[in-house]
Amino acid sequence: MQVLNFIAGAWQPAGAGAGFEVRNPADETLVAEVPDSTAVDARWAADAAHAAFPAWKARTARERAQVLKRWLALIESHSEELAQLISREQGKPLAEARGEVAYAAGYVEWYAEEAVRASGEIIQPPVNSKRLMVLKEPVGVVAVITPWNFPAAMIARKIAPALAAGCTVVAKPAEDTPLTSLALVKLAEEAGLPAGVLNIVTCSRGHVADVVGVWLADARVRKISFTGSTAVGKLLARDSAATLKKLSLELGGNAPFIVFEDADIAAAVEGLMAAKFRNGGQTCVSPNRVYVHDAVHDRFVDKLAARVGALKVGPASQPDSQIGPMINARAVEKIERHVADALARGARAVTGGRRLEGNYYAPTVLTGATRDMQLSCEETFGPVVPVFRFGDEAEVLQLANDTPFGLAGYFYSNDVRRIWRVASALETGIVGINEGAVAAPSAPFGGVKESGYGREGSHWGLDEYMHTKYLCQGNLG
Ligand code: SIN
């Protein structure tokens with residue numbers, strides 16, 4: 001694979017010639033060295049994307065869809081290599097990495113199909129001498145900034161709709177996991193994407209502000225799509241204000257997972273296992289607070305502890321591993337801090353509760369969680385389930401919504417009236433009802449409150465890359 005930047009259709013080192021290392025979080029071995037780009041590279045990328053925009057926009061939607069379909073076919077035929085690469089740079093077990101490649105391919109397929117359905121509207125005029133029409137047009141150059149937790153899926157679900165809409169792209173993948181993104185861009189090049197339509201630059205943590213700063217200041221960059229922390233999302237919103245860019249921000253969550261007394265407990269445990277332990281808990285939509293009704297609390301905790309205690313922790317190279325390493329030492333330290341704080345405030349570790357070797361943390365269930373604990377207010381982003389008790393619906397809804405975040409929420413109940421009440425009362429962009437696996441290319445993914453705005457996936461995700469142009473034709477007699 002190419003371990004260089006891709007700008008204007010050419011693979012090239014960073015202008016300053018520097019590089020940085022990408023290490024496998026499982027054992028800190030070196031995976032590759034990639035360009036440590038600076039403002040110069042970011043500007044070249046924006047110049048290339050700007051120059052390529054008119055011709056790409058002028059292609060028919062079907063032509064753009066055909067390129068996406070060729071990209072999809074190449075992703076599918078390279079799926080095993082991509083999965084191995086994801087596991088090497090990000091650490092997730094191979095089965096999950098394979099699942100992620102299929103998930104990423106799903107977004108490319110969805111937007112290849114959706115490209116040809118981006119239609120405008122004819123509107124009833126107020127008088128017969130006028131015709132009122134709406135066109136959908138690509139916004140222009142888009143800057144795509146992606147996180148490390150899903151190195152294939154996150155970039156695919158931003159780039160695919162951008163290209164389908166007729167936008168051109170400058171992208172910066174997370175410094176921990178740039179290799180999968182570069183491999184995907186290489187396949188997009190092979191699929192026949194014209195030079196300059198998709199550009200990617202990699203950089204170390206120290207140069208992120210430089211690279212992204214260029215795009216924030218550049219009036220030709222008309223949109224930013226970012227997945228990451230709320231703190232960074234707010235900086236992007238602030239710093240893009242001078243050029244009033246369109247923004248899609250998929251930010252932090254603090255997902256509640258509620259188990260009511262009328263729930264199917266076995267299904268709730270399985271739903272929680274799927275939602276919480278995906279990617280070792282390093283997922284924005286992973287439940288962060290689990291509320292269990294008094295009447296079913298002990299039964300639920302016993303079943304959960306048995307399932308969590310049996311999870312296999314280990315590197316991706318170990319075929320039965322279910323929980324890989326955390327992305328880096330800082331991530332493990334945060335988990336340790338949250339668990340120590342919870343234990344000091346009266347929580348009990350029913351299983352786990354300790355750091356293992358290297359970047360591994362034991363899958364953990366804590367009971368006796370309370371709202372004064374750090375893990376109740378902040379995403380832990382690791383394999384830790386804090387269980388809170390509750391007594392009634394009004395109380396748990398108040399607790400569930402008592403957070404500035406609103407990405408996902410889950411609940412289990414078999415009472416049809418409660419299902420509609422709780423689904424509408426939860427202040428989140430995504431609600432899982434008797435279901436822990438909620439994401440799909442055809443569904444709108446995104447949050448409310450400080451979890452951000454904009455949606456990814458579905459036809460709403462395509463709309464984020466287009467603006468609405470209204471035409472009014474008069475004097476028609
Ligand atoms: C995320 O963690 O940001 C994305 C997870 C998903 O797509 O389900």
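Computation of the quantities below employed the complete heavy-atom set of this structure, encompassing side-chain atoms and omitting hydrogens, waters and symmetry-equivalent molecules. Numbers for residues simply follow the sequence, beginning at 1.
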Backbone N/O of Arg371 and side chain of Ser376: donor-acceptor pair under 3.5 Å: yes
Given side chains that start at C-beta, do those of Glu189 and Leu187 come closer than 4.5 Å, heavy atoms only? no
Return the minimal non-hydrogen interatomic distance between Pro363 and Val313, and the atom names on each side. CD-CG2, 3.4 Å
Taking atom CG of Leu375 and atom CG of Leu366, what is their separation to the nearest 0.5 Å? 6.5 Å
Full working for side-chain contact (heavy atoms from CB on, under 4.5 Å) between Val212 and Leu236: CA-CA 9 Å; Val212 174; Leu236 295 176; 3.8 Å; yes
Check whether Ser321 reaches the backbone of Gly314 with its side chain - one donor and one acceptor, N or O, closer than 3.5 Å. yes
Given side-chain contact (heavy atoms from CB on, under 4.5 Å), test Arg98 with Glu80 step by step and report yes or no. CA-CA 7 Å; Arg98 292 185 180 121; Glu80 187 55 26; 2.8 Å; yes
His338 and Thr380 side chains, donor-acceptor separation under 3.5 Å: yes
Any heavy-atom pair between the side chains of Phe150 and Gln90 that's under 4.5 Å? no
Hey, is the main chain of Asn24 close enough, under 3.5 Å, to the side chain of Thr29 for a donor-acceptor pair? no
Arg117 side chain to Glu113 main-chain N or O, any donor-acceptor pair under 3.5 Å? yes
Under a 4.0 Å threshold between the charged nitrogen and the carboxylate oxygen, would Arg23 count as salt-bridged to Glu89? no
Under the side-chain contact (heavy atoms from CB on, under 4.5 Å) criterion, do Asn434 and Tyr410 qualify, and how do the steps go? CA-CA 7 Å; Asn434 295 331; Tyr410 306 81; over 6 Å; no
State, without any angle test, whether Gln12 and Asp41 hold a side-chain donor-acceptor pair at a distance under 3.5 Å. no
Does the distance from a Lys or Arg side-chain N to an Asp or Glu carboxylate O, for Asp463 and Arg455, drop under 4.0 Å? no
How far does NE2 of His459 sit from OH of Tyr111, to the nearest 0.5 angstrom? 9.5 Å
Is the distance between the ring centroids of Trp148 and Phe381 less than 6.0 Å? yes
Backbone of Ala8 reached by a side-chain donor or acceptor of Trp44 within 3.5 Å: no
Derivation of the side-chain hydrogen bond (donor to acceptor under 3.5 Å, both in side chains) call for Glu28 and Asn359: CA-CA 9 Å; Glu28 300 296 346; Asn359 291 330; 3.0 Å; yes
As an exercise, state the distance from CG of Leu85 to CG of Leu179, rounded to the nearest 0.5 Å. 5.5 Å
Evaluate the side-chain proximity of Pro178 to Val22: yes if any heavy-atom separation is below 4.5 Å, no if none is. yes
Main chain of Lys92, side chain of Ser87: is a donor-acceptor contact present, judged purely on distance under 3.5 Å? yes
So, do Thr227 and Asn149 sit near enough that their side-chain heavy atoms are less than 4.5 Å apart? no
Before giving the answer on side-chain contact (heavy atoms from CB on, under 4.5 Å), spell out for Leu193 and Trp56 the whole-Å C-alpha distance, their side-chain angles and the decisive distance to 0.1 Å. CA-CA 9 Å; Leu193 206 59; Trp56 185 243; 3.7 Å; yes
Atom pair CD/CG of Gln318 and Leu94 - distance to nearest 0.5 Å: 12.0 Å
Inspect the surroundings of NE2 in His50 and state if more than 12 heavy atoms from other residues, nucleotides or ligands are less than 6.0 Å away. no
Are any side-chain N or O atoms of Asp218 and backbone N or O atoms of Arg43, one a donor and one an acceptor, separated by less than 3.5 Å? no
Closer than 3.5 angstrom, by distance alone: can the side chain of Thr230 be matched with the main-chain N or O of Ser451 as a donor-acceptor pair? no
With side-chain hydrogen bond (donor to acceptor under 3.5 Å, both in side chains) as the criterion, how do Glu100 and Asn279 come out once you've worked through the C-alpha distance, each side chain's angles and the decisive distance to 0.1 Å? CA-CA 10 Å; Glu100 186 185 338; Asn279 201 20; over 6 Å; no
Sort out for me which residue in Thr38, Thr202, Asp36 forms a side chain to side chain donor-acceptor pair (under 3.5 Å) with His207. Asp36
Between the side chains of Lys136 and Thr468, is a donor N or O closer than 3.5 angstrom to an acceptor N or O? yes
Please say whether more than 12 non-hydrogen atoms of neighbouring residues, nucleotides or ligands are located less than 6.0 Å from CD in Glu63. yes
To the nearest 0.5 Å, how far apart are CG in Leu407 and CD in Glu450? 13.0 Å
Assess whether salt bridge (Lys or Arg N to Asp or Glu O under 4.0 Å) is satisfied between Arg70 and Glu190, documenting all intermediate values. CA-CA 9 Å; Arg70 289 199 294 274; Glu190 285 175 29; over 6 Å; no
Is Lys57 close to Cys167 at the side-chain level, that is, under 4.5 Å between some pair of heavy atoms? no
Verify whether one side chain among Lys158 and Ser248 offers a donor that lies under 3.5 Å from an acceptor in the other. no
May I ask you to decide if Val142's main-chain N or O and Arg222's side chain share a donor-acceptor pair within less than 3.5 Å? no
Check whether any side-chain heavy atom of Pro287 sits under 4.5 Å from a side-chain heavy atom of Leu272, and report yes or no. yes
Checking Asp320 side chain against Lys312 main chain: does a donor-acceptor pair fall under 3.5 Å? no
May I ask you to check whether Thr243 and Lys245 show a side-chain donor-acceptor distance below 3.5 Å? yes
Establish, yes or no, whether the cationic atom of Arg278 lies under 6.0 Å from the six-membered ring centre of Tyr103 and within 45° of the ring axis. yes
Do Gln282 and Met326 touch side chain to side chain, with heavy atoms closer than 4.5 Å? yes
Is it true that the side chains of Asn5 and Ser37 contain a donor and an acceptor less than 3.5 Å apart? yes
Kindly confirm or rule out a cation-pi arrangement of Lys276 over Phe257, judged by NZ or CZ under 6.0 Å from the six-membered ring centre and within 45° of its axis? no
Can you name the one residue among Glu464, Glu109, Glu250 that meets salt bridge (charged side-chain N to carboxylate O under 4.0 Å, His left out) with Arg157? Glu250
With a 4.5 Å limit on heavy-atom distance, are the side chains of Met273 and Val308 in contact? yes
Could you measure the distance from the CG atom of Leu135 to the OH atom of Tyr470? Nearest 0.5 Å is fine. 12.0 Å
